[in-house]
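Just so you know, ligand 1 is whichever comes first in the structure, and atom 1 is the first atom listed for that ligand.
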Amino acid sequence: MTTPRKVHIKSYGCQMNVYDAQRMVDTLAPEGFVETASVDDADLVILNTCHIREKASEKVYSELGRLRTVKDEAARNGREMRIAVAGCVAQAEGSEIIRRERAVDIVVGPQSYHHLPQLLAKAKTDGRAIETEFPVEDKFASLPDPKPAVIRARGISSFVTVQEGCDKFCTFCVVPYTRGMEVSRPVARIIDDVQRLADNGVREITLIGQNVNAFHGDGDDGKPWSLGRLLYRLAQIPGVARLRYSTSHPRDVDDALIEAHRDIPAVMPFVHLPVQSGSDRILEAMNRKHTAADYARTVERFRKVREDIAFSSDFIVGFPGETEEDFSATLALVRQISYAGAYSFKYSPRPGTPAADMQETVTTTLMDERLARLQELIDSQQAAFNAAAIGKTVDVLFERAARNPGQIVGRTAYLQPAHVMASPDIIGQVLPVTIDSLERYSLIGALAGSAPSHAAPFSQPANTSPPAMTGA
Ligand code: 5AD
Ligand code: SF4
């Protein structure tokens with residue numbers, strides 16, 4: 001028997017990259033690769049990069065410098081290590097990476113991961129291999145499936161890609177350049193994936209895409225389906241207890257999506273709906289094509305059909321030209337909407353985007369100050385939202401044993417971690433939990449009907465939800 005080769009993947013950025021990393025592992029498994037947690041014994045190291053903010057490519061080059069040392073050391077010990085750069089920096093930088101860093105063997109863009117085995121073979125014969133082509137961009141015709149099926153199910157909750165890319169061209173954003181135009185997967189393939197995951201014990205599916213509610217995949221009736229219609233269909237698959245989707249654009253919220261929230265209990269009442277700014281002037285400069293009032297109206301449409309719905313968002317502070325008045329409008333919108341949580345970022349110019357050519361007007365100090373004010377407001381809303389769960393009985397989908405012995409952890413509809421003392425048999429079930437306290441971001445409670453647990457506090461990383469999806 002041949003010894004398995006080992007692949008180590010280091011992922012940065014959004015949920016799409018987390019999903020892509022798993023898919024790369026699945027693609028390499030038939031080649032005899034198994035995953036390793038360490039760089040040192042890896043035969044193949046993949047840096048799955050993100051380009052959305054900050055000096056992403058410089059970080060990649062310094063990481064590659066470190067990897068070069070490990071690779072050289074391996075070579076001295078007679079062991080060959082290959083290094084691949086994947087993700088959005090690979091897409092943006094292309095052959096420049098190979099030119100600048102001799103340690104890199106493969107550069108692979110997000111649309112080409114299914115070719116990794118061929119790229120490895122090519123690197124072996126030619127020394128280097130690069131593939132960053134976008135697939136032919138004919139959206140409704142015989143498109144190759146941009147994201148082939150997930151092969152193995154892991155855990156209780158799983159992502160499924162339904163679309164990739166974005167045509168919105170917000171002026172600050174690299175996604176349309178690194179992930180390409182919006183492409184949706186055919187409905188039948190998505191149903192197959194979800195079916196297979198559900199058969200393997202997955203109870204919660206999060207449909208992901210940079211602009212997920214722009215989804216328009218071909219249905220078996222030959223017509224494009226909306227995300228709302230897809231949710232109705234997926235909810236019929238036995239075993240699927242919860243459906244989520246991320247990330248949505250306010251302009252693509254149609255009636256079918258709102259109705260899905262009204263009609264389908266499995267569709268969770270928690271929507272990540274980035275607005276970026278509360279100032280119409282800045283929204284215009286960002287090319288968002290909606291106003292703050294449009295956004296608030298969209299939120300109201302959701303709230304009208306499900307009063308328990310909650311929202312999270314993304315914000316950018318310090319966009320070129322943002323005045324104190326513009327920033328106040330953002331704070332005012334946050335107060336008006338009242339979020340269960342939100343991500344906020346300092347603007348960072350992305351090379352090649354229109355905003356990168358705009359005169360930057362907000363100093364770093366002012367950006368820091370605005371970010372702190374915004375985060376303080378969002379944190380207070382998040383704390384109030386979490387505190388409101390105390391004394392209530394809420395449904396929790398149990399996912400795994402917690403660090404504290406005897407505790408099982410799951411998530412509420414709003415992705416809040418919830419801990420109870422219980423038998424591991426409850427993993428995979430949605431059960432009502434009476435919440436009795438809040439420990440940082442985690443809810444502590446007891447299964448409804450059982451005695452209060454007084455479960456020991458549990459500390460969780462300071463975030464209630466998985467990392468924000470890049471996009472929308
Ligand atoms: N600068 C700062 N934040 C950005 N984002 C996207 N591009 C930039 C940028 N150039 C943020 C947006 C988006 C989230 C994924 O990242 O808020 O919604
Ligand atoms: Fe598209 Fe979102 Fe980027 Fe705008 S911010 S271009 S909607 S991915």
Considering the heavy atoms of Lys168, write down every atom of ligand 2 situated less than 4.0 Å from one of them.
1 (Fe), 7 (S)
Show which atoms of ligand 2 fall inside a sub-4.0 Å distance from at least one heavy-atom site of Phe172.
5 (S)
Atom 3 (Fe) of ligand 2 to nearest N/O/S of Cys173 below 2.8 Å
yes
Nearest heavy-atom approach of Pro110 to Gln91 is CD-OE1, 3.3 Å
How long is the straight-line distance from NE2 of His114 back to CZ of Arg23, given to the nearest 0.5 Å?
8.0 Å
Using a strict cut-off of 4.0 Å, indicate which atoms of ligand 2 neighbour a heavy atom of Pro176.
6 (S)
For residues 82-90, tabulate all N or O donor-acceptor pairs below 3.5 Å that involve a side-chain atom, not counting sequence neighbours.
from  : atom 1 : to     : atom 2 : distance (Å)
Arg82 : NH1    : Asp105 : OD1    : 3.1
Arg82 : NH2    : Glu80  : OE2    : 3.2

Under 4.0 Å from any heavy atom of Cys170, which atoms of ligand 2 are there?
4 (Fe), 5 (S), 6 (S), 7 (S)
For Gln276, counting its heavy atoms only, list the atoms of ligand 1 lying under 4.0 Å from any of them.
12 (C), 13 (C), 17 (O), 18 (O)
Interatomic distance, CG@Leu443 vs CZ@Arg411, rounded to 0.5 Å, equals 10.5 Å
Do Glu182 and His216 have side-chain atoms, one donor and one acceptor, less than 3.5 Å apart?
yes
With respect to Arg53, determine whether any N or O atom, backbone or side chain, lies less than 3.5 Å from an N or O atom of ligand 1.
yes
Going by salt bridge (Lys or Arg N to Asp or Glu O under 4.0 Å), name the pairs with one or both residues in residues 352-369, residues two or more places apart or in two chains.
Lys346-Asp368, Glu369-Arg373
Part of Ile316 within contact of ligand 1 (heavy atoms, under 4.0 Å)
side chain
May I ask you to check if any N/O/S atom from Cys166 comes under 2.8 Å of atom 1 (Fe) of ligand 2?
yes
Rounded to the nearest 0.5 Å, what separates atom OG1 in Thr206 from atom CZ in Phe159?
6.0 Å
So which of Ser348, Pro349, Cys14, Cys173 gets nearest to atom 1 (N) of ligand 1, if we judge by its closest heavy atom?
Ser348
Numbered atoms of ligand 2 (with element) below 4.0 Å of Phe169, judged on heavy atoms:
6 (S)
Hey, is Phe172 touching ligand 1 through its side chain, its backbone, both or neither, going by heavy atoms under 4.0 Å?
both
Taking the six-membered ring for Trp, is the centroid-to-centroid distance between His261 and Tyr245 below 6.0 Å?
yes
Looking at Phe270, Tyr339, Phe302, Tyr414, which one forms a ring-ring contact (aromatic ring centres under 6.0 Å, His included) with Phe311?
Phe302
Check each atom of ligand 1 against the heavy atoms of Arg350 and keep those under 4.0 Å away; list them by number with element.
10 (N)
